[in-house]
Protein chains: 2
Amino acid sequence: MPSCESSNNNTQVGFTTLEGFSFKEVLNSDITRKSIFVLLEKEGKNAILICDKQPFAESAAEAESWIRGSKMNLLVENDIYGNYEQEIPAHLNGVKTTLIYPATEKHILKYRAQDRYLIAETGDDYDKITLPHILESNLSVQWVYNCLDHKSEQDRLIFEDPDEHSGFQLYPDLKWNGETMENLYCQALVRRRGIKSVRDLTADDIPLLENVLEKSKKAIRERYGVNPAQIKAYFHYQPSFYHLHMHLVKVNYDAPGGSMYAIPVEVALGNLRIASDYYKRATLPFMGKALDPLCQKFKAAGKIDF
Amino acid sequence: MPSCESSNNNTQVGFTTLEGFSFKEVLNSDITRKSIFVLLEKEGKNAILICDKQPFAESAAEAESWIRGSKMNLLVENDIYGNYEQEIPAHLNGVKTTLIYPATEKHILKYRAQDRYLIAETGDDYDKITLPHILESNLSVQWVYNCLDHKSEQDRLIFEDPDEHSGFQLYPDLKWNGETMENLYCQALVRRRGIKSVRDLTADDIPLLENVLEKSKKAIRERYGVNPAQIKAYFHYQPSFYHLHMHLVKVNYDAPGGSMYAIPVEVALGNLRIASDYYKRATLPFMGKALDPLCQKFKAAGKIDF
């Protein structure tokens, strides 16, 4: 999907409306991030409108401007606290929007809200349900191998440790613009193949994790000037692809992906020191969407009730 | 701090401006939640303006209204994707605001951005740094005992298991309005005193955790009609107060508090089954603010570098 970060021209030229599009339904909404996904229709064809309220402008000049332009409607006052409904002029209260038109059924399925369920996967569940599912699904990680073999994305590479056993490659995450340090987001791909997720880790992998953690933080300090103590590093479970990779994010930033998926690398290291087979035996919860095939399999096995 | 959830009257009566207040600085900003904290001044006294962009209105009538009223400025178009800058009329694009005036230095410190650091606390660090800090600080949990002894907040109680060993009380969290199921947020206080945090848990506490988890989910289903498979339950580390309590939240909702603090209850149960003394030995990361006394103590001990 294309994106545009560079345009700051807020001229009236080119303004239009959504006339001709009729409202069908709200597909989904994110009340934390203040986003919404709406299904529209025009001339018998579907459209999806994705709206995302922008953060408040923080520079002194911009902040003065929207504060000065605001109207305040007092709701409740108590001692030193006043609660207001505030109206900021529309052109100072940006919304970034994408319109997909015409949109296919696949687009609609992608953006429509799905019920999500907490699945507490035991080691036994992994062996009987999840691992067979991963093997059957035959999900390709060819793009990862292309990176590791220097066949693609080499212009994006931040750092590489070429050691075949404990080496890795560090890239900026695709969701990061590479510039604002507040939401710094990098990803380390381990060189060694066959470690699908934390489930495959044993105490033998402690040197690998320590190496990736330490050298990635060092590379981030050198490239971006960020203090290693301000980087949080974690694995996701379930991961979005089954080749071990580490997320490295600025501590203040809540990256999308959901809090319950994140296993801090320091926790993983501690766990492997407590028991080498920790990840064979641990209960690892993850969030499943109702229509996910893996979620369906847990349902069929009587492990969740929906 | 007072809040007002009920007012929907958007009449022009009562509208005012922030005239007389001058801009001093942006204290902090939350780019994920689209909030900002600004320091203002009026007649030599400080004021804090807390602005929070509201989620998009989702009802069909409201959504039609802000879509129809929007102006769209095309930035980039590619195939079926168009990227726009969207302007929504100010009265349909709400901002909820609190003004604190006059504000004290303590208010300013509370709202000012502080650098945060990841502290990977080992079992040894807990014994030598964190536990002495907790004991010295002598932090009162009298308000918890008032709840458990039925002296306060009893009108808010959702469910109680009075058993002295494995019992608990379940309340709606103060951050939840008690009505929108999308961000359901409850808190269970265990009856037993002296369990300061997960660090004090052993395999003997497995029945306690199972009891709180199971009966809380059941009570939430009965009171609010939410499927137990759609509730995520977790402990925070460090907790905000040192009397064991469990957070229970709707799965889709990213509650404030930061992803790295959350230990899912199913994970804690699994850990205690793997090793009864797991929480004596585990590495538990937490986020420390630069000015926090505990963070300062880790710094003094040479455990973090800032």
Side-chain angles (χ1 to χ4, degrees), chain A residues 1-2 4 7 14-16 18 23 26 29 31-32 34 36 53 55-56 58 63-64 67 71-76 78 80-84 86-91 93 95 97-100 116-118 120 229 232 251-252 254 259-260 262 264 266 270 274-275 281-283 285 304-306, chain B residues 1-2 4 7 14-16 18 23 26 29 31-32 34 36 53 55-56 58 63-64 67 71-76 78 80-84 86-88 90-91 93 95 97-100 116-118 120 229 232 251-252 254 259-260 262 264 266 270 274-275 281-283 285 287 304-306:
Chain A
M1 194 187 306
C4 179
S7 175
F15 268 95
T16 173
L18 286 162
F23 172 83
V26 171
S29 148
I31 60 174
T32 305
K34 284 104 188 200
I36 198 164
K53 297 196 181 182
F56 282 92
E58 286 183 59
E64 280 210 70
I67 291 168
K71 290 195 295 179
M72 308 287 287
N73 184 24
L74 183 65
L75 300 173
V76 180
N78 183 349
I80 60 169
Y81 300 100
N83 273 286
Y84 297 84
Q86 181 178 11
E87 290 191 6
I88 297 177
H91 68 283
N93 191 8
V95 177
T97 299
T98 298
L99 181 68
I100 305 176
R116 292 164 77 201
Y117 298 90
L118 183 72
K232 56 183 177 186
V251 284
N252 285 6
D254 288 336
S259 54
M260 300 286 282
E266 295 84 355
I274 287 172
R281 296 157 67 197
T283 297
I304 37 170
D305 182 26
F306 65 88
Chain B
M1 194 188 308
C4 178
S7 174
F15 268 95
T16 173
L18 287 163
F23 172 83
V26 171
S29 146
I31 60 174
T32 306
K34 284 101 189 202
I36 198 164
K53 296 196 181 183
F56 282 91
E58 288 184 58
E64 280 210 72
I67 291 168
K71 289 196 294 178
M72 309 287 284
N73 183 23
L74 183 65
L75 300 173
V76 181
N78 182 350
I80 60 170
Y81 301 100
N83 273 286
Y84 297 85
Q86 181 178 12
E87 290 191 6
I88 298 177
H91 68 282
N93 192 9
V95 177
T97 299
T98 298
L99 181 69
I100 307 176
R116 292 163 78 202
Y117 298 91
L118 182 72
K232 56 182 177 186
V251 284
N252 285 7
D254 288 335
S259 53
M260 299 285 282
E266 295 84 355
I274 288 173
R281 297 157 66 196
T283 297
M287 227 66 89
I304 37 171
D305 182 27
F306 64 89

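Here is the naming used below: chain letters follow the sequence lines, and residue numbers restart at 1 for every chain. The figures here come from the full heavy-atom set of this structure, side chains too, leaving out hydrogens, waters and symmetry mates.
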| Pairs of heavy atoms under 4.5 Å with chain B: top-ranked of A/Thr283, A/Leu18, A/Ile36 |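 Option with the top pair count is A/Ile36.
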
| said: If you count heavy-atom pairs within less than 4.5 Å of chain B, which of A/Ile31, A/Val95, A/Ile67 leads? | reply: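 With the most close heavy-atom pairs to chain B, the winner is A/Val95.
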
| field | Most contacts with chain A, counted as non-hydrogen pairs under 4.5 angstrom, among B/Ala282, B/Ala120, B/Ser29, B/Gly270 | value |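 The candidate making the most pairs under 4.5 Å is B/Ser29.
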
| request: Drop me the distance from A/His91's NE2 to B/Lys71's NZ, to the nearest 0.5 angstrom. | output: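 Separation between the atoms: 9.5 Å.
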
| query | Taking only residues two or more places apart in sequence or in another chain, which ones pass salt bridge (charged side-chain N to carboxylate O under 4.0 Å, His left out) with A/Glu58? | reply |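 None.
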
| query | Within the distance-only criterion (no hydrogens, no angle test), does the side chain of B/Lys34 pair as donor or acceptor with the backbone N or O of A/Lys53 below 3.5 angstrom? | reply |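 Yes; at least one donor-acceptor contact below 3.5 Å.
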
| query | Can you name the residues that form a ring-ring contact (aromatic ring centres under 6.0 Å, His included) with A/Phe56, not counting sequence neighbours? | reply |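 ring-ring contact (aromatic ring centres under 6.0 Å, His included) list for A/Phe56, sorted by chain: A/Trp66.
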
| task | Please flag which part of A/Val26 lies under 4.5 Å from any non-hydrogen atom of chain B: side chain, backbone, both or neither. | result |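 Side chain of A/Val26 only, per the 4.5 Å heavy-atom cut-off to chain B.
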
